[in-house]
2 protein chains.
Amino acid sequence: MTNIKDIAKRVGVSTATVSHVLNGTGRVGEDTRKKVLHVIDELNYTPNRIAKSLKVKKTSTLGIIAEDVTVFNTPSIIDGINEVAENNGLGILLVNLRIFHKMGTDFSDKDKLRKLLAQAFEQLHMNQVDGIIYIGTYNRDVTEAIPPIQIPVVYTYCKTTNESDYTVNYDDEEAAYKATKHLIEHGHKKIALISGKVDSVHSHERFNGYCRALKENGVTLEPCLIKNGDWEVESGYYLTKELLDEKNRPTAIVALNDLMAYGSIKAAKEKGLNVPSDLSIIGFDNREFSAYTSPELTTMSIPLHLMGEKATYILHELINGKTLEERELKLYCEMINRNSVCKI
Amino acid sequence: MTNIKDIAKRVGVSTATVSHVLNGTGRVGEDTRKKVLHVIDELNYTPNRIAKSLKVKKTSTLGIIAEDVTVFNTPSIIDGINEVAENNGLGILLVNLRIFHKMGTDFSDKDKLRKLLAQAFEQLHMNQVDGIIYIGTYNRDVTEAIPPIQIPVVYTYCKTTNESDYTVNYDDEEAAYKATKHLIEHGHKKIALISGKVDSVHSHERFNGYCRALKENGVTLEPCLIKNGDWEVESGYYLTKELLDEKNRPTAIVALNDLMAYGSIKAAKEKGLNVPSDLSIIGFDNREFSAYTSPELTTMSIPLHLMGEKATYILHELINGKTLEERELKLYCEMINRNSVCKI
DNA sequence: CTGAAAGCGCTTACAG
DNA sequence: CTGAAAGCGCTTACAG
């Protein structure tokens, strides 16, 4: 490998001079500059960033810790991170926790989780990344699993209880409000809610949005129209059957994710009901498949790409020693109108 | 940041000794070893990998160049890479080309593509990665866009014309053969093919598999049952309508991807046909959405995760100076039986 | 405008 | 079993 010394020798200058033309620092005569550049090109020289990093104590690379890259939200967030990282000359060191493979679906083994995270952070630390973005698989409190860490971190798609931490998420409450209101505007009054797991932040906040929409529009909340699912297709399916069996059946359902919404569609069809003319359904997440169900699902789209962008923007500022006023960023979801909702 | 000198001073040994206990090299007395370990723990010391890398000229990190992380195939491949990288203590430096954002959908601007790749490889080169995995978005020849590079590279989900390159892909021919044969075994004789773009490697090889299955089973190939789509839903939709309008309409369709298969389902429904009882349809790719169409699509699953694993395994061997016999690895696809195919 | 030299945090012959 | 010292490829005061 050719190095800065080779270049210096060949041109007949010092390595300091070569370094200066490489970085645009210091004053270098136009003539020498050209000569240096020419030899660099000639010898096809690429500076060794590892060496530079060691010296300047800054790697210009960001660490990403993704709980699971195969989960639907993660690739788009990473794509957003890439976009702004690239614009700022930052590299990306990726660690994929593969949390579902290692922990199964409940994260109750706190010790194991803590060990997993400690390793991930340590790996990034060893590699001297300038900052870290942590991407969760769903919005839960990760505080107790996070080891102490002395470089900037921003959390996305998850949260912490530490007030000094930076998080970027989206506004669940507002999104559910919009979804519910959309149904009301289409003339629905009996609007069921199929919630996710009860201990979920998402369930909780979306429930609040649902309630607010009803209240603000003078629709009375009927407890029997509220069901708790577990985010999976099956629960949407069974709960919808339950709802449809009641005498006072709903004319619309807001399902708190697309998976359960799909279960709802299935159940409705089995009952001989047409979606949307007999039953309107609105989902959440705008997962890819929601465009391919029958009927195609109206759903709330999560600003994943933007979350990645914002997280990176914030991290970049933190790395540069700034502190930002707003520590909990909440982005807005957009409604994707497809064919599972209609006027009553 | 505490460093190896701090540890050495505190214990009262040389940095050489500390380094040896850190790496398990050399002979170190049990007593000093313990003392060193203790102080390392006490001072919460993490070795600086950057410094180590500079010295040993090996970073133990792999570079991934992904043409686009948001494309359906990429996350699972990365997940597979992570799995074996982790087992071998290798880190991952990710560069996401975001090729669709930058190039649009046709990659005809060869110069731009070449520049994009040159940058990506240079970035990885600067960071001294030990080897590179290149993940394409579809299997095409990338040779002319790849800059000269002196570290091991393995290509997956794409190919090169250079015989010394290592590639890992899946067997398109065999997969299409299996799909077609499956239909034949269900009593179908009039089996249409909706192909992807004609210049595609996938289209070409899958076409061959389709032909072989017909031939081996004594079914005559009917040219009018073969249509060329462009991989998008719309083309599957229109071509299926064409097929169904013919007097001698097919009883089954093999669509060369799930998107077009979805278009086929839509078209069949519009014609008042039931899938699968009036028309069997089999797709390709096993994209997530294929489990949520109505009916759920029978399709060929691509071994993405395994491709990532194999590519990493090969790269790891190459980095360690081995050369492998087989340079073009082809993995097998698995059929996912769902509800879009039935006996005639 | 340019160069000599120290130093970033490690590893590794080499000597003892 | 342990240490002194050179060196990986850069950058950056400092001096001129």
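Bear in mind the structure is a predicted one, so any value in this text is a computation, not a measurement. What's counted below: heavy atoms across the whole structure, side chains too, no hydrogens, waters or symmetry copies. So you know, we letter chains A, B, ... as the sequences are listed, proteins then strands, and number each from 1.
- Between the side chains of A/E83 and A/H305, at least one donor-acceptor pair of N or O atoms lies under 3.5 Å.
- For the pair A/T25 and A/N3, nearest-nucleotide mapping onto DNA chain D gives the more 5' position to A/N3.
- Listed in residue order, the members of residues 7-16 of chain B having a heavy atom less than 4.0 Å from DNA chain C are B/T15, B/A16.
- Side-chain atoms of A/T46 do not come within 3.5 Å of backbone N or O of B/M126 as any donor-acceptor pair.
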What verdict does the salt bridge (charged side-chain N to carboxylate O under 4.0 Å, His left out) test give for A/D111 and A/R114, after you've listed the backbone C-alpha separation in whole Å, the side-chain angles of each residue and the deciding distance to 0.1 Å?
CA-CA 5 Å; A/D111 266 355; A/R114 207 173 296 134; 3.1 Å; yes
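- Taking the P atoms as reference points, D/dA6 lies 23 Å from D/dT2, given to the whole Å.
- For the pair A/T312 (side chain) and A/G308 (backbone), a donor-acceptor distance under 3.5 Å is present.
- Separation of the B/Y157 and B/Y170 ring centroids falls under the 6.0 Å cut-off.
- No donor-acceptor distance shorter than 3.5 angstrom exists from the side chain of B/T70 to the backbone of A/S76, with no hydrogens or angles considered.
- Among the heavy atoms of the strands, none lies under 4.0 Å from A/S53.
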Under a 3.5 Å cutoff on both atom distances, Watson-Crick or G-U, what's the dot-bracket for DNA chain C ([ ] crossing, | other strand)?
|||.||||||||.|||
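- Nearest-nucleotide positions on DNA chain D for B/E30 and B/K55 put B/E30 closer to the 5' end.
- Running 5' to 3' along DNA chain C, contacts with non-hydrogen atoms of chain A at under 4.0 Å begin and end at C/dC1 to C/dG9.
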Can A/K52 and A/S60 be said to form a side chain to side chain contact (heavy atoms under 4.5 Å, CB included), step by step?
CA-CA 10 Å; A/K52 173 168 185 168; A/S60 292; over 6 Å; no
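- Put simply, the side chain of B/Y155 never gets that close to the backbone of B/V142: no donor and acceptor are under 3.5 Å apart.
- Contact check on A/R98 versus B/E86 returns no salt bridge, with no Lys/Arg side-chain nitrogen under 4.0 Å from an Asp/Glu carboxylate oxygen.
- A donor-acceptor pair is defined here as one N or O able to donate and one able to accept, closer than 3.5 Å; such a pair exists between the side chain of B/T59 and the backbone of B/Q128.
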